[in-house]
2 protein chains.
Amino acid sequence: MSGFERYHRILRCFLQSESQWSVKALAEALDLPASTLYRRIRELVQHRFLESVGDSSYRLGPAFLEFERRLRESDPFIQSGGIFLPPLVRQSPIPICAALCRLQGNEVMCVADARTQGFEGSTAYERGKLMPILYGATSKAVLAALPLRRRDKIIAEAAARTTIDVVHLTAQLRQLKKQGFLITRGEVDARLAGIAASITLPGDGIYASLTLIAHQSDITPAAESRLAELVMTHASLIRQFMT
Amino acid sequence: MSGFERYHRILRCFLQSESQWSVKALAEALDLPASTLYRRIRELVQHRFLESVGDSSYRLGPAFLEFERRLRESDPFIQSGGIFLPPLVRQSPIPICAALCRLQGNEVMCVADARTQGFEGSTAYERGKLMPILYGATSKAVLAALPLRRRDKIIAEAAARTTIDVVHLTAQLRQLKKQGFLITRGEVDARLAGIAASITLPGDGIYASLTLIAHQSDITPAAESRLAELVMTHASLIRQFMT
DNA sequence: TAATAATTCTCATTATCTGAGAAATTATAG
DNA sequence: CTATAATTTCTCAGATAATGAGAATTATTA
């Protein structure tokens with residue numbers, strides 16, 4: 001094991017099921033001797049990437065708050081979410097959650113979010129949350145934003161892992177391009193539906209989407225067309241803001 | 001240079017004035033050869049701690065969003081901010097910002113915040129923001145929460161760097177303990193005032209404070225006593241929630 | 001106070017990192 | 001489209017740092 005990987009392996013553990021780890025448990029999970037682990041953990045604690053919590057175990061440290069804040073205040077794409085999402089959700093006729101998501105490597109991540117007061121959802125999409133790459137309006141709108149070659153590569157890789165209906169997916173992407181938005185129902189969470197539009201910023205290599213998530217039971221035909229309108233106009237606003 | 005420090009030195013640069021760095025600029029700032037830097041940056045990019053941005057420069061990466069989200073959802077102290085701060089600010093008679101801050105090493109950091117719709121402030125305290133250690137109600141309430149030995153050590157260290165009125169500070173801390181809260185005006189931002197109460201959770205080694213920040217011009221005597229009441233009751237609620 | 005667990009330390013061995021420059025790749029301009 | 005410059009990766013021997021087993025130390029608990 002070498003370089004940054006040494007530290008990243010440790011940190012990754014804290015993203016899994018457990019948010020607190022004892023050195024003993026980490027030693028088993030990573031198959032490393034305690035002396036080595038103590039040394040690495042001490043370094044991470046010194047730099048605040050981990051923090052010691054009383055009962056001889058450790059958790060993620062405040063450095064992440066500091067770096068995340070810096071990212072939030074300096075990344076123009078995340079900023080555009082802070083600017084445009086709150087007014088957007090206020091214009092919705094029904095309770096919704098708005099999420100701005102982008103491709104990172106081969107995954108889709110939410111980088112900004114906002115919700116109306118009334119919206120309650122356990123799966124409410126939050127900044128920092130990773131999305132499934134092939135399900136839901138969010139991810140499909142990101143796929144639609146990609147150059148063909150890259151899109152096909154991602155679909156092929158994903159198809160190798162799970163069985164997907166490539167024909168149907170391709171049809172959806174074509175429809176998305178044609179009408180400017182896409183609605184999916186119950187693909188990610190059975191009770192929710194998503195309405196998404198693509199956002200491409202080729203200059204920055206950003207492939208993204210804007211999604212409005214609502215409870216399926218709230219979506220009347222009138223609300224649906226209003227949300228479609230909102231998602232398209234705001235995707236357009238963000239596109240312009242970024243260029 | 002060794003271990004995690006190697007990577008941390010690079011990452012720290014992105015917290016300073018510039019949020020984007022070219023390899024050339026980093027090489028000068030850190031006095032390192034390009035080949036070494038490229039190697040380290042590549043590792044950080046692979047693990048998403050940095051990300052490449054078109055014009056041959058780099059910025060902080062999405063890993064921080066992911067880790068920060070995990071921290072936010074798993075740290076009970078940060079959670080208590082999410083639970084108690086929104087209802088708190090809704091009860092305020094004037095526009096305010098509420099900040100939950102704690103000691104990290106020898107610094108004070110805001111770990112959760114909320115504000116009323118009407119509150120506008122360039123210095124609005126946000127999660128992840130570091131506070132000055134000796135100025136303002138926030139930091140003083142943290143100092144008051146500390147064991148005497150540790151408090152005196154921090155004050156002595158800070159006094160060595162800047163000239164401070166230790167007698168006055170001590171008097172303020174005594175008053176804070178006596179009446180349960182402390183008001184300071186214009187110490188951090190000339191137009192703002194802070195009302196803070198201490199929060200100690202010795203079991204977790206957490207020394208913290210809850211602060212309400214308002215524009216000095218909004219603070220009537222009636223508002224002041226109401227805010228003092230709010231800050232004390234909610235500090236108490238958080239204390240109970242955490243034990 | 002004794003006993004146990006957690007953490008740091010020591011040191012010889014092993015593996016990794018380093019830096020200079022060459023080589024390859026990518027962007028820019030003519 | 002080609003030449004030129006800038007960016008990024010690669011190579012390799014020497015320098016440096018990481019490793020792990022166990023001893024030593026320091027909390028914690030009974």
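Keep in mind that this is a model prediction, so the values were computed, not measured. First the proteins, then the strands, lettered A, B, ... as listed; each starts at 1. Keep in mind that the numbers below use all heavy atoms, side chains included, and drop hydrogens, waters and symmetry copies.
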Original post:
If you draw a 6.0 Å radius around CD in E18(B), do more than 12 non-hydrogen atoms from other residues or ligands fall strictly inside?
Top reply: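 Incorrect, the count does not exceed 12.
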Original post:
CG of D55(A): more than 12 outside heavy atoms within 6.0 angstrom?
Top reply: yes
Could you state the atom-to-atom distance from [atom1] of [X] to [atom2] of [N] in whole Å?
X      : N       : atom1 : atom2 : answer
R6(B)  : dT16(D) : CZ    : P     : 13 Å
I10(B) : dC17(C) : CD1   : P     : 13 Å
L32(B) : dC17(C) : CG    : P     : 14 Å
M1(A)  : dG20(D) : CE    : C1'   : 13 Å
L37(A) : dA18(D) : CG    : P     : 15 Å
K24(B) : dA27(C) : NZ    : C1'   : 16 Å
E5(B)  : dA17(D) : CD    : C1'   : 14 Å
R40(A) : dG20(D) : CZ    : C1'   : 11 Å

Original post:
Starting at the 5' end of DNA chain C, which residue's closest nucleotide do you reach first, A34(A) or Y7(B)?
Top reply: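 Its nucleotide being nearer the 5' end, the pick is A34(A).
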Original post:
Where each residue is assigned the nucleotide of DNA chain C containing its nearest heavy atom, which of G3(A) and V23(A) is assigned the position nearer the 5′ end?
Top reply: V23(A)
Original post:
So, F49(B) versus F4(A), ring centres under 6.0 angstrom or not?
Top reply: yes
Are any of the side-chain nitrogens in [X] or [Y] under 4.0 Å away from the carboxylate oxygens of its partner?
X       : Y       : result
E187(A) : K140(A) : yes
E66(A)  : K129(B) : no
R9(A)   : E5(A)   : yes
R69(B)  : E73(B)  : yes

Counting heavy atoms from C-beta on, name the nucleotide in [options] closest to the side chain of [X].
X      : options                   : value
R39(B) : dT18(C), dT16(C), dT10(C) : dT18(C)
S2(B)  : dA17(D), dG19(C), dT19(D) : dA17(D)
Y38(B) : dA18(D), dT7(D), dT7(C)   : dT7(D)

Original post:
Going by atom types alone, do S22(A) and S57(A) pair a side-chain donor with an acceptor below 3.5 Å?
Top reply: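 Side chains of S22(A) and S57(A): no pair found under 3.5 Å.
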Original post:
So, E43(A) versus Y7(A): side-chain donor-acceptor pair below 3.5 Å or not?
Top reply: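 Yes - a donor-acceptor pair under 3.5 Å links their side chains.
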Original post:
OP1 or OP2 of dT18(C) less than 4.0 angstrom from a side-chain nitrogen or oxygen of T36(B), does that happen here?
Top reply: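 So the side-chain polar atoms of T36(B) never come under 4.0 Å of the phosphate oxygens OP1 or OP2 of dT18(C).
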Original post:
When we call it a touch if two heavy atoms are under 4.0 Å apart, what does S35(A) touch: a base, just sugar-phosphate, or nothing?
Top reply: base
**OP:** Would you work out how much the helix from dT1(C)-dA30(D) to dG30(C)-dC1(D) bends between its ends, with each end axis defined by five base pairs, to 10 degrees?
**Re:**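 About 60° separates the two local helix axes.
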Original post:
Between residues 41-58 of chain A and DNA chain D, which residues have a heavy-atom gap below 4.0 Å?
Top reply: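 Nucleic-acid contacts, sorted: none.
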Original post:
Can you name the closest pair of heavy atoms from I78(B) and V111(B) and give their distance?
Top reply: CG2-O, 3.7 Å
